[in-house]
Amino acid sequence: MSFAPEELLACALARLIVARPTAHVAVGAASPVPAAACWLAVKRGAPIRLSLLHKRSGNPFTEGSRELFDLTGQGRVDLFFLGGGQIDGQANLNLIGTGEWPGREVRFPGSFGSAFMYMMAGRTILFREEHSPRVLVERVAHVSAPGVSEPGVFRRGHAQALVTGKCVFAFDPARGRFILESVHPGETVESVRAATGFGFDVAAGVGETPAPTEGELALLRGPVRDEMLETYPEFCGRVFGRRAAA
Amino acid sequence: MSFAPEELLACALARLIVARPTAHVAVGAASPVPAAACWLAVKRGAPIRLSLLHKRSGNPFTEGSRELFDLTGQGRVDLFFLGGGQIDGQANLNLIGTGEWPGREVRFPGSFGSAFMYMMAGRTILFREEHSPRVLVERVAHVSAPGVSEPGVFRRGHAQALVTGKCVFAFDPARGRFILESVHPGETVESVRAATGFGFDVAAGVGETPAPTEGELALLRGPVRDEMLETYPEFCGRVFGRRAAA
Amino acid sequence: MITLEEMAASVPDGALVALPPDNSLPSVALAKALARRGAKGLRLLGVPVSGFATDLLIGAGCVAEVQTSACSLGEAGFAPRFTAAVKAGTIRVVDATCPAIHAMLQATEKGVPFMPLRGIIGSDILANRPDWTVIEAPFTGERIVCLPALEPDVAAFHAPMADEAGNVWIGRRRECATLAHASRRALVTVERIVPGNFLEDERLAPGAISATYVSAIAVAARGAHPVALLDEYGFDAAYVAEYARMARTEAGFAEWAAREVFAPRREAA
Amino acid sequence: MITLEEMAASVPDGALVALPPDNSLPSVALAKALARRGAKGLRLLGVPVSGFATDLLIGAGCVAEVQTSACSLGEAGFAPRFTAAVKAGTIRVVDATCPAIHAMLQATEKGVPFMPLRGIIGSDILANRPDWTVIEAPFTGERIVCLPALEPDVAAFHAPMADEAGNVWIGRRRECATLAHASRRALVTVERIVPGNFLEDERLAPGAISATYVSAIAVAARGAHPVALLDEYGFDAAYVAEYARMARTEAGFAEWAAREVFAPRREAA
């Protein structure tokens, strides 16, 4: 059965979500793929509460935009998603820009809440579709949010994994280093290495990222799409559109 | 024209309220006399906003019971009222009790917000009808809220005055000492001194606390009573009752 | 959805139980149920002061400690069982001051280990709080009190309604939201369950607490009585005055409690 | 009650003006009026991020500085005038991170000189904020960031309605309440004025800001447009996409502004 690249990514993310105990996920990134992954995990029966920050009606928060951060500070957010204009081999994120501070060469929008969320969420899955030496760098130009922290600094969680358009990396916070876990169909360890600006380890059992099953695709194109239609109409049309119309 | 003691006190308090620039008064004490004084000032035309904490309908706060304290922290409360189980010559308040901490001899209800409000409101009028050596002591058994503060401690305001059933004292925070300003009808400097446990100065122009004018009484027994009826029905009946029914 | 008695059973002896005071959504129904189940050694926290429910629990022998900024029955005067217990030394009283209790809960709400608060310095409350400290504030250099984050084991309050999704509507009593955010478990009694989802309604959402923070809900009609509940019912001054009179003595309290707390099924009537 | 143009005139050049972002009640109407009056040297604060109104004010040359946690047009991409101004160095950008902006405003709301916040340590945001500091926290001993209280000169936002008493209803966007509490003056544009008093209504009070905190109100129908306003109207994606396209160049922005900001009486239509 054919599938869109976004469907593969959603399934890979959903597997990472259910791989660890997860009561509550907040999805703040504008990207719809993590949202699809969360809904897929839920529709497969995982007892997960989702707080979808971009949902217009039924926004989960009644204390305004600070509630997500308070909630995370309380330790009630088990999993958050982050991306980055640059991500480096120590899992540092750069959402500020390149060139002289504050981004005189290329300016990204800004850190949003990443400098807090990355350290206070139970764990974070990094997601960035573009997999290139421009994005995945040896050392970010500016650290918006650090991948690891010194002793004496409160930190609840780290990156669990980095999912890109080419592969899935795990992250080892003790060593501050990524480990290639699987490559997506059509990629190899070598093609990933060529496209990655940072050094990484390769897992002993590295293989291919599993293709979505028929059951997963049916959920994505049915109940998951239904949940996402209000917030991400363009995405649903492009990725699930044809199939859903059939 | 005859008047109730509470009417005299309300008029004395109202004069203290308008004696200094006052945009916003919060009335938290259970005693209705300060509330009557505030309404009297307003009904005489002073452009004062009142936050009446005991008002059941139309409670002024929409952030729960912390809002009064935040509001005061912001410097938006120009005047607050406090009383005390004991008040001493340095304007220290004791709302805790006597005997071994926390009041093994006589236990008062507790400090409420006084330890904060007394230091953070623009100023405070102390009000206690009972004027006796038992209440007005040389030194309180326990300080719930201090009358003066050391340098290096943020403090926005102090006691403006202490109004009792016998007299009106001003307070000089620089000297930490009360000054007798006026005695109520029937009292003398000597009778006040005999009933007061702390030493105090006597103002050069000490005189009698002015009796309510006819205009003040008409306001108290009419529009002020109308505003207070919902919150203080018993008080309105006792103090304004007969006259209002006439 | 559980029953009131199940809710009371879920509160372990010795728990730190936070209760809002009269006029701020106390669950008197749950307090009575805790007395019926014979809870022991509870540590009560007044948010930020204590009222009828606290006095009742002290009278029923459920309480080891009260942390509060004041305990009173309002117009009905001093809280009689609290006052007697202080005098007798049978409970430990930890005095605070209202904004300090709010700040300690907000520290937990925000996930910070402490919160600064102005005022208090010079008060003997500070001298009797070895768990509070004074620092030189960054930026201003002033001496300022720092309060530790406080995380109740249980928050208990009474709301007018919950919805089918488990959200609870508390109106403008936002201190109950902070309390739920800051507590390990929030136990909420309600007048009724209503259809729908408050979070989907822009008019109701601002007064709601998301089900994220709510551990259990039990229906208890008139569960705040004799305290007033928003615009739903008023304060039963006669009931409280009678309590205040009878509870002046231990025997009087026992008589009152036999009739008003332990008499079977009275709550369900 | 004043007019929109009077409100814009009351904001002095150089003022620190706090603006909520898209989807959180920005007053785009007031931003346009500020551009029309030719405001200069404004220091904008994103609460906690910045959107369409900020980009518009930068494009119109009103802005000297932006303190924010991010500036973007959401689905329409990067904020073009912000991005160009950063590159050209014509505005000063002070980067923060969302909960830090909330905490700095909450410090002012609570009347404390600073607030602690976890996280941030290890981020270059901290390295570029000489006005933030790190202390050893009381109680836990951890290293923790302390943020100074931040008091905007002006808070500006757009609400669905105000009442006759001057109270403003903002629903669940409580960050606007904190913002009003923390600011010297709160300027609020509204869709409409309604009879009565929100504070007398238990259902509306939780979403209201008391008039105590509101300095001025002006009616501006569709004053959030092209941003969505709660359940009243949706996001005008086509309008923002056209803006994003035209504002890529200074000339394109000028053309857009001539039509959408400066064309006489367009706002009143």
Side-chain angles (χ1 to χ4, degrees), chain C residues 99-100 102-104 106-107 109-120 130-150 159-161 169-174 176-178 198-210 228-232, chain D residues 99-100 102-104 106-107 109-120 130-150 159-161 169-174 176-178 198-210 228-232:
Chain C
H102 290 303
M104 289 189 289
Q106 284 184 290
E109 180 180 54
K110 299 193 79 60
V112 290
F114 74 97
M115 285 271 275
L117 184 66
R118 280 176 167 160
I120 308 177
D131 56 330
W132 294 0
T133 192
V134 175
I135 68 163
E136 194 174 291
F139 312 120
T140 62
E142 70 194 78
R143 291 173 63 228
I144 196 165
V145 174
C146 288
L147 306 159
L150 179 60
M161 55 185 177
W169 194 86
I170 54 159
R172 70 181 98 187
R173 307 305 334 201
R174 297 305 298 174
C176 289
T178 296
F198 301 145
L199 303 184
E200 304 281 347
D201 180 333
E202 291 289 349
R203 293 293 179 282
L204 287 175
I209 302 176
S210 152
L229 182 65
L230 304 184
D231 55 358
E232 306 230 346
Chain D
H102 289 304
M104 289 188 288
Q106 284 184 289
E109 180 180 54
K110 299 194 80 59
V112 290
F114 75 96
M115 285 271 274
L117 184 66
R118 280 176 168 160
I120 308 177
D131 57 329
W132 294 1
T133 192
V134 175
I135 68 164
E136 195 174 289
F139 312 121
T140 61
E142 70 192 81
R143 290 173 64 227
I144 195 164
V145 174
C146 288
L147 306 160
L150 179 59
M161 55 186 177
W169 194 86
I170 53 158
R172 71 181 97 187
R173 307 304 336 199
R174 297 304 297 174
C176 289
T178 295
F198 301 144
L199 303 183
E200 304 282 347
D201 180 335
E202 291 289 349
R203 294 293 178 283
L204 287 175
I209 302 176
S210 151
L229 181 66
L230 305 183
D231 56 358
E232 306 230 346

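This one's a predicted model, so the numbers in the text were calculated from it and none came from an experiment. Just so it is clear: chains get the letters A, B, ... in the order the sequence lines come, proteins before strands, and each one is counted from 1. No hydrogens, no waters, no symmetry mates; every other heavy atom, side chains included, goes into these values.
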If you count heavy-atom pairs under 4.5 Å between each of [options] and chain C, which one has the most?
options	value
D/Gly119, D/Pro116, D/Ala107	D/Pro116
D/Pro148, D/Gly111, D/Gly207	D/Pro148
D/Pro138, D/Cys146, D/Pro160	D/Pro138

Just wondering, do D/Met115 and D/Met104 contact through their side chains at under 4.5 Å, heavy atoms?
-> no

Within-4.5 Å side-chain heavy-atom neighbours: D/Arg174 and C/Arg174 = no

Between the main-chain N or O of C/Val134 and the side-chain N or O of C/Arg143, is there a donor-acceptor pair closer than 3.5 Å?
-> no

Quick check: does any side chain N or O of D/Arg203 sit under 3.5 Å from a backbone N or O of C/Arg203, one acting as donor and the other as acceptor?
-> no

Quick one: what part of C/Thr133 sits under 4.5 Å from any heavy atom of chain D, side chain, backbone, both or neither?
-> both

Engaged part of C/Phe114 at the chain D interface, taking heavy atoms whose separation is under 4.5 Å = both

Taking all non-hydrogen atoms of both residues into account, name the closest pair between D/Leu230 and D/Ile170 and its distance.
-> CD1-O, 4.2 Å

